[in-house]
Amino acid sequence: MQKIFDTPLYPYHRSPDQDAPASQRHPVVIIGAGPVGLAAAIDLAQQDVPVVVLDENDKVSFGSRAICFSQRTLEIVDRMGGAGPMLEKGVLWDAGRVFFGDRQIYDFNLLPDADHKHPAFINLQQYYLENYLVDRVREIEAAGKPIELRGRNKLAAIGEHDRHVRLEIDTPEGPYNLEAEWLIACDGANSPARRMLGLDFVGRVFEDNFLIADTIMEADFPTERWFWFDPPFNRGQSALLHKQPDNVWRIDFQLGWDIDRGEELKEANIRRRLHAMLGENAKFDLEWCSIYTFQCRRMAAFRQGRVLFAGDSAHQVSPFGARGANSGIQDADNLAWKLQLVLNGTAPETLMDTYSTERVYAADENIRHSTRSTDFITPKSETSRAFRDAVLDLAEHHEFARPLVNSGRLSEPSVYDGSRLNGPDCADLPASLRVGAAAMDAPVAGGWLLDRLGGGFRLLAIDQDLPTAPDFGAVEVGVVELSAVDWPEFRQRYLGAARSALYLIRPDQHVAARWLGFDANAVRAALETAMATATAQKGTT
Ligand SMILES: Cc1cc2nc3c(=O)[nH]c(=O)nc-3n(C[C@H](O)[C@H](O)[C@H](O)COP(=O)(O)OP(=O)(O)OC[C@H]3O[C@@H](n4cnc5c(N)ncnc54)[C@H](O)[C@@H]3O)c2cc1C
């Protein structure tokens, strides 16, 4: 494993751009080869949008960061062709337990709905995810897709222009300039791009510290998420246990605000904490220890002219709920198809404003959940603590109190309610798949529904007779005709009590519109709405 941290995965090579007589212009430049930058790059290149990714580093990120990746992330990365190694290496889990003091108060299962291709969550170290995404970059590059990853290329300055962005890049062989029609800033929480453009965050900083101890041990705890409120081994605070691949266990101890970081990070003190939790005779090695604090905040808008912010550069949350990288990958999912349509002239530039509005909406939802979890875990007053403890006591014996227990509501995709890209909805179809929701997977003839949908606009016709080769105008729409008759989960999720339905699905697999019956004009109009061409023609932005 040491090798992953140490080996340059995308070492510096001199690029012809460095020797060009004038700055070369690229359609898309991405700053940052973290999970979000890599996901955006793969998605764009697979749609034949030429993309250059620059990172000041040339290796996967060091140390312990994200470990929980959600079903939606697996579905998105699967659409990009890269989920196989994640599933092979990751630890699958969908169950958890909650403890209060010295007793278990209840357990839960995140995915009571069977029949999804992917589990509710996997645990996988972030460095593995980044490694697999770089492998995927190499695979599609070898297959002729226009993608280039440049290590040790550090963004040093940005100049904004009407129709492009000018970049100054530092390399081990000196600086050079580049131009980008669009810049995607995936350069992390301290985003130099954000700083260079003089932009900032709105939101809250939390006064708390958490110790991560990634511990290597052979242990027979089940592969579940265990969360303790006020445990005997960490009185007045909380703790979390999660299994990762390679027999690494993520153990988080809440420490409080007023701590001596140097003391807390001494190996003897960390070992003392771990023995108190795992028992005096427990045998373990420490893979990684660090103390983190966090903020719940976002930029006011994720688009600034020709610069789009995605992932931690745009928004940050507490780690409770695993919403950081998961929501960043959903940013990439939302952004790539829109940028492709804008770059090829099918959609107006204003479509990129909806990247900002839809993902700001999602970020607010994530920040809300994450803030509530944090406030529940760390009550800010005696009254809040009394309420929290009463909820925990009740939850032990009463099912109704369990939804009130908040140890981190786990990441789920946002439903883009109210988005101006949404077309008509139909109240006779299940509300869980309303317009704006991410399509849900289900077993269907020939495999899984999301595999059948893939990318691109799709018209999903369920038990409908369609005319042959309907014409939908400027954009290609793949028609997926399926019967739900022999597929009860598919029927329940997509039809409910209805006999048939039509779903218009966006390239990021969110529902754009749905009807009970086919009308080519209605589909064409919904497509125009989904691409923001309808409003552009009317002169609205
Ligand atoms: C303790 C902890 C636990 C977490 N657990 C989870 C979890 O379970 N699930 C989850 O979804 N999320 C989790 N997260 C959050 C997750 O780690 C982040 O959300 C994720 O890394 C964001 O990815 P990113 O690609 O936006 O940014 P980063 O991963 O930060 O990548 C930014 C990239 O930009 C590059 N860069 C920076 N400056 C420059 C420059 N000037 N020029 C060129 N390149 C530059 C960096 O080298 C880096 O490669 C956790 C975070 C922490 C700290």
Side-chain angles (χ1 to χ4, degrees), residues 9-10 12 29-41 52-74 76-77 90-91 93 121-127 129-130 133-134 149-158 167-171 178 183-196 209-214 225 240 242 244 250-254 288-295 302 309-332 363 366 370 408 410-412:
L9 263 187
Y10 43 95
Y12 170 76
V29 172
I30 296 179
I31 306 293
V36 179
L38 289 169
V52 177
V53 186
L54 310 176
D55 200 293
E56 63 179 346
N57 203 341
D58 56 5
K59 305 179 187 72
V60 291
S61 68
F62 184 64
S64 193
R65 301 176 74 194
I67 57 165
C68 302
F69 294 99
S70 68
Q71 187 177 67
R72 186 64 200 140
T73 292
L74 290 166
I76 293 169
V77 180
V91 173
W93 67 278
F121 273 90
I122 62 164
N123 283 355
L124 180 74
Q125 290 90 329
Q126 183 166 329
Y127 46 76
L129 170 66
E130 292 177 19
L133 290 175
V134 171
L149 183 49
R150 298 185 188 168
R152 301 187 64 196
N153 273 242
K154 178 179 177 174
L155 174 70
I158 301 181
L167 309 171
E168 278 176 44
I169 311 297
D170 283 341
T171 74
L178 264 188
L183 178 72
I184 309 179
C186 304
D187 49 353
N190 296 321
S191 175
R194 197 182 58 228
R195 214 182 44 243
M196 288 166 197
N209 291 283
F210 290 80
L211 171 73
I212 285 183
D214 275 347
R225 178 186 200 260
L240 176 67
H242 257 294
Q244 306 172 62
R250 160 71 55 87
I251 302 176
D252 265 52
F253 294 101
Q254 186 184 12
W288 171 266
C289 298
S290 56
I291 290 178
Y292 66 88
T293 56
F294 53 78
Q295 289 93 35
F302 297 171
F309 290 85
D312 275 14
S313 72
H315 46 77
Q316 286 148 39
V317 288
S318 79
F320 308 113
R323 290 167 184 272
N326 285 307
S327 66
I329 286 173
Q330 287 160 39
D331 292 344
N366 285 318
S370 173
L410 289 157
S411 170
E412 285 181 354

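Both ligands and their constituent atoms are indexed starting at 1 by order of listing.
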Closest non-hydrogen protein atom to [atom], residue and atom name please, with distance?
{"atom": "atom 27 (O) of ligand 1", "value": "Gly188 CA, 3.7 Å"}
{"atom": "atom 9 (N) of ligand 1", "value": "Cys68 O, 3.1 Å"}
{"atom": "atom 6 (C) of ligand 1", "value": "Ala66 CA, 3.2 Å"}
{"atom": "atom 36 (N) of ligand 1", "value": "Glu56 OE2, 3.9 Å"}
{"atom": "atom 10 (C) of ligand 1", "value": "Ala325 N, 3.4 Å"}
{"atom": "atom 35 (C) of ligand 1", "value": "Asp55 OD2, 3.3 Å"}
{"atom": "atom 29 (O) of ligand 1", "value": "Arg65 NH1, 3.2 Å"}
{"atom": "atom 19 (O) of ligand 1", "value": "Asp312 OD1, 2.8 Å"}

Is [Y] close to [X] at the side-chain level, that is, under 4.5 Å between some pair of heavy atoms?
{"X": "Asp312", "Y": "Asp187", "result": "no"}
{"X": "Leu211", "Y": "Asp252", "result": "no"}
{"X": "Ile31", "Y": "Ile184", "result": "no"}
{"X": "Arg225", "Y": "Leu240", "result": "yes"}
{"X": "Trp93", "Y": "Asn123", "result": "yes"}
{"X": "Leu133", "Y": "Val77", "result": "yes"}
{"X": "Leu54", "Y": "Val29", "result": "yes"}

Which of the numbered atoms in ligand 1 are under 4.0 angstrom from any heavy atom belonging to [X]?
{"X": "Gly32", "result": "33 (C), 34 (O), 35 (C)"}
{"X": "Leu155", "result": "40 (C), 41 (N), 42 (N), 43 (C)"}
{"X": "Gly311", "result": "26 (O)"}
{"X": "Ile212", "result": "1 (C)"}
{"X": "Cys186", "result": "32 (C), 33 (C), 34 (O)"}
{"X": "Pro35", "result": "23 (O), 25 (O), 29 (O)"}
{"X": "Pro192", "result": "38 (N), 41 (N)"}

[X] to ligand 1, any heavy atom closer than 4.0 Å:
{"X": "Asn153", "answer": "yes"}
{"X": "Ser61", "answer": "no"}
{"X": "Gly328", "answer": "no"}

Can you tell which part of [X] has a heavy atom less than 4.0 Å from ligand 1: side chain, backbone, both or neither?
{"X": "Ala322", "result": "both"}
{"X": "Ile31", "result": "side chain"}
{"X": "Thr73", "result": "neither"}
{"X": "Gln316", "result": "neither"}

Does ligand 1 come near enough to [X] that some N or O of the ligand is less than 3.5 Å from an N or O of the residue?
{"X": "Ile67", "result": "yes"}
{"X": "Glu130", "result": "no"}
{"X": "Gln126", "result": "yes"}

List the atom of [X], the atom of [Y], and the distance in Å for their closest heavy-atom pair.
{"X": "His315", "Y": "Ser327", "result": "CE1-OG, 3.3 Å"}
{"X": "Gly188", "Y": "Arg194", "result": "O-NH1, 4.2 Å"}
{"X": "Phe69", "Y": "Ala325", "result": "CE2-CB, 3.9 Å"}
{"X": "Ala156", "Y": "Asp170", "result": "CB-OD2, 3.6 Å"}
{"X": "Tyr10", "Y": "Arg150", "result": "CD1-C, 4.4 Å"}

Assess whether atom CD of Glu412 is packed by more than 12 heavy atoms of other residues, nucleotides or ligands within 6.0 Å.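 Open: at most 12 neighbouring heavy atoms sit under 6.0 Å from CD of Glu412.
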Any non-hydrogen protein atom less than 4.0 Å away from atom 50 (C) of ligand 1: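 Given the 4.0 Å limit, the answer for atom 50 (C) of ligand 1 is yes, a protein heavy atom qualifies.
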So, taking the atom named CH2 in Trp288 and the one named CZ in Arg65, what distance separates them when rounded to the nearest 0.5 Å?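 Trp288 atom CH2 to Arg65 atom CZ measures 10.0 Å (nearest 0.5 Å).
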Hey, what do you get for CG (Asp55) to SG (Cys186), rounding to the nearest 0.5 Å?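 Output value for this atom pair is 10.5 Å.
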Atom 25 (O) of ligand 1: which of Ile329, Val36, Val317 has the nearest heavy atom?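 Answer by nearest heavy atom: Val36.
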Are the ring centres of Phe309 and Phe302 closer than 6.0 Å?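 Phe309 vs Phe302: aromatic centres not under 6.0 Å.
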